[in-house]
Asker: 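Please find one structure pasted underneath; my questions will follow.
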2 protein chains.
Amino acid sequence: MAKMRSRGTGLPTLAEVAAKAGVSPITASRALRAVPSVDPDLVERVRKAAKLLGYVPNPAARTLASARSRSVMVLIPALTNQLFIEMFEMIEQVLSARGFEALMGHYHYDQAEEERLIRNYLAYQPCGILVTGFGQSEVSARLLADCGLPRIHMMELAETADVASVGFSQEAAGAAVARHLIERGRRHFAFFGAQLDRRLLQRRDGFQRALVEAGFPPALEIMTPEPSSIALGAAQFSALRQTDPGIDAIFFCNDDLAFGASFEALRQGVRVPETIAFVGFNDLPGADQILPRLTSVRTPRAEIGRCAALRLLALIEGEKPADTRLDLGFELIVRDSS
Amino acid sequence: MAKMRSRGTGLPTLAEVAAKAGVSPITASRALRAVPSVDPDLVERVRKAAKLLGYVPNPAARTLASARSRSVMVLIPALTNQLFIEMFEMIEQVLSARGFEALMGHYHYDQAEEERLIRNYLAYQPCGILVTGFGQSEVSARLLADCGLPRIHMMELAETADVASVGFSQEAAGAAVARHLIERGRRHFAFFGAQLDRRLLQRRDGFQRALVEAGFPPALEIMTPEPSSIALGAAQFSALRQTDPGIDAIFFCNDDLAFGASFEALRQGVRVPETIAFVGFNDLPGADQILPRLTSVRTPRAEIGRCAALRLLALIEGEKPADTRLDLGFELIVRDSS
DNA sequence: ACCTCGTAAGACAGCGCTATCTCGCATGTT
DNA sequence: AACATGCGAGATAGCGCTGTCTTACGAGGT
């Protein structure tokens, strides 16, 4: 019995479970993996033995033997944006309900870091990939394509039909904001951007295009590559009031910028929406509480996470993808700030 | 050479690297792990070959062979509190700089979920554990103790010297807030709590004790087990104004509650700090921007993450722990709200 | 009664790596 | 010169599990 010593962690091995159930290790393995060709009675016995011993399969051994883990690589630009947390939590929930795990990595909106992450996580032999958007470096894109793993891009919609994507049209969202502000009688527009990732630029493009199509000059762009934050929004707004007091509507690329600007407006006594209208993006918690309550674009991040995870699991299980593009839309939530 | 086929992911194996460098696999393994007894020239050659081929070690094989991974289990109550994100990012940074990885799990402040997580992650054979606080279930505590892995508790300080901890005194922080409010001439206190985890209760205890010691009656406690949020803070404050208009100082267990209350106060025309003083906790982003700028307790979460990770790595490398308790303190940031 | 066939259970090997033991060689000692 | 010593490099085995092949056995056909 020396061969059946427990693992260092104190967890039992499959062999011990098999011995307890009076079957061979292979049968125990099959029973626990729900391989169909096992006698239901034996399955029951093995299950019971496993539960009794507190058996947890060794994922390292499993991965090594099968050349495939039960983990899904999930790549997220940053953890500091609540947006991605909400998306990720849904992904995790769907995966764990089906016995999969999320191997989550975040790269601070940095392509090089994303590339390192992909390389590292590929070594874990994940069974699928969920990745945010399409802004990868060329090397990253090739790594993702060459590994041949099922993969779904989230938050953005693919331009071609050969890649699966779940998200919404960032451009359409930007355009919707423009139309709303025009409808409210605004004439002098600004766009506030930070971080400057791909999706933000798409929103801006949609916003500008809609303005131009309606006969307005393009909006003033206040852009910075630094991360979006409340303090930054306040500073940007303060600066704008100095340089361009005529602006009567601002579209913020993210709610936190809008929050900061709202605080600054209150401080300076600038009246929102009378003097200037604010529209945020994402409808983060607090948008419905701040003064004035913020008009914002509600993005379906949780639903994106859920659908992307479900579709990925379908691909992993060998299903043929029906639609490769899933547009979950967005919703403009009009509140007091516009 | 059939034995040297690449892995399914397209990544090369150690054997391929070794062949390229003209050494045995075992020497390549040692060279890449920086085992001292290898000729520097060979190390160089192996390194070069590995780089050329884009070699990434297979963590499953490594873990299986050595019965120990390079992963550290990191347990966090929730991802929705920016506090823990900041702590986690520091942990990750320290770990990855030393070639370790974080195996992060969050349990929605739920003991049962935490227990499941521990069991699952133990199967990954991590080399150490970073865990938030001391509020584990008995089973979890036993699992953690029995696995014999180096472990450090974060955010809270241990009561006994046999467990390592890095944090600050939540009680002392609560007491400091009480003293500050008393000093500001406040007389009628309330404590707003949500989530009701251990650390929150410690803060409350410190707050109440300091009030009583100064001769005041204990503060009115507005507590709910639901998660802390901006909307909740607004609702709690609104309710309090109805039931207890005489309260002239509130200590919020987390800044988001204070944010919500600040919005509601603005909406209702309740003057802060003239009519009522607000003190938050954690000094989250935005506390310095909101109206009025919020007095809050700045907690050293990033530093806690950094120190905890460094100390854990020291333990993993076999060092004897000097201090088992590391108190990183806190700072009361007095702003306009009190 | 004989054979085929399908199904359930086991045997076997091996995933990619590292712990451990072994060996060869250069160095130092008397 | 004979021997002990140390050190760098290789050989060997095995981590815990699963893919694949093999075997045992009962059912069904003639």
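Residue numbers start from 1 in every chain, and the chains themselves are labelled A, B, ... in the order their sequence lines are given, proteins ahead of strands.
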Asker: Quick check on DNA chain D: between B/L64 and B/S37, whose nearest nucleotide comes earlier from the 5' end?
Answerer: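 That would be B/S37.
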Asker: Starting the side chain at C-beta, find the nucleotide from D/dG10, C/dT18, D/dG16 nearest to B/T27.
Answerer: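 Looking only at side-chain atoms, B/T27 lies closest to D/dG10.
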Asker: Within the structure, does a side-chain N or O atom of A/R70 lie under 4.0 Å from either OP1 or OP2 of D/dT18?
Answerer: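 Answer is no, no contact under 4.0 Å.
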Asker: In whole Å, I'd like the distance from the CZ atom of A/R33 to the P atom of D/dG19.
Answerer: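 To the nearest whole Å, that distance equals 5 Å.
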Asker: So which nucleotide from D/dC17, C/dC17, C/dT18 ends up closest to the side chain of A/L14?
Answerer: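 Taking heavy atoms from C-beta onward, the closest nucleotide is D/dC17.
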Asker: Rounded to the nearest 0.5 Å, what separation is found between the CZ atom of B/R70 and the OG1 atom of B/T63?
Answerer: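 Separation between the atoms: 10.5 Å.
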Asker: Between B/R301 and B/E86, is the closest basic N to carboxylate O distance under 4.0 Å?
Answerer: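 Salt bridge: yes.
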Asker: Given the structure, check if the side chain of A/R30 and the base of D/dG19 hold any donor-acceptor pair shorter than 3.5 Å.
Answerer: no
Asker: Measure from the side chain of A/V38, starting at C-beta and using heavy atoms only, and say which of D/dT18, C/dA9, D/dG16 lies closest.
Answerer: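 Nucleotide nearest to A/V38's side chain: C/dA9.
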Asker: When the distance from CG of A/N58 to C1' of C/dC17 is rounded to whole Å, what number comes out?
Answerer: 14 Å
Asker: Could you check whether any side-chain N or O of B/T132 sits under 3.5 Å from a backbone N or O of B/M154, counting only pairs where one atom can act as donor and the other as acceptor?
Answerer: no
Asker: Verify, without hydrogens or angle tests, whether B/S66 (side chain) and B/R62 (backbone) share a donor-acceptor contact under 3.5 angstrom.
Answerer: yes
Asker: Take the protein atom CG of B/D41 and the nucleotide atom P of D/dC7, then report the distance between them rounded to whole Å.
Answerer: 18 Å
Asker: Which of these, B/E115, B/R142, B/E114, B/Q111, sits in a side-chain hydrogen bond (donor to acceptor under 3.5 Å, both in side chains) with B/S137?
Answerer: B/E115
Asker: Indicate whether OP1 or OP2 belonging to D/dC17 is found under 4.0 Å from a side-chain N or O atom of A/Y55.
Answerer: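 Checking A/Y55 against D/dC17: at least one side-chain N or O falls below 4.0 Å of OP1 or OP2.
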Asker: Out of C/dA11, C/dC17, C/dC15, which has the shortest distance to the side chain of A/I26?
Answerer: C/dA11
Asker: At under 4.0 Å, does any side-chain N or O of A/S24 touch on OP1 or OP2 of C/dA9?
Answerer: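 A/S24 to C/dA9 OP1/OP2: no side-chain N or O under 4.0 Å.
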Asker: Considering only side-chain heavy atoms of B/S66, which listed nucleotide, C/dT18, D/dG16, D/dA9, is closest?
Answerer: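 Selected nucleotide: C/dT18.
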Asker: To the nearest Å, how far apart are B/L53 CG and C/dG16 C1'?
Answerer: 15 Å
Asker: Taking 4.0 Å as the cut-off, does a side-chain nitrogen or oxygen of B/R45 come that near to OP1 or OP2 on D/dA9?
Answerer: no
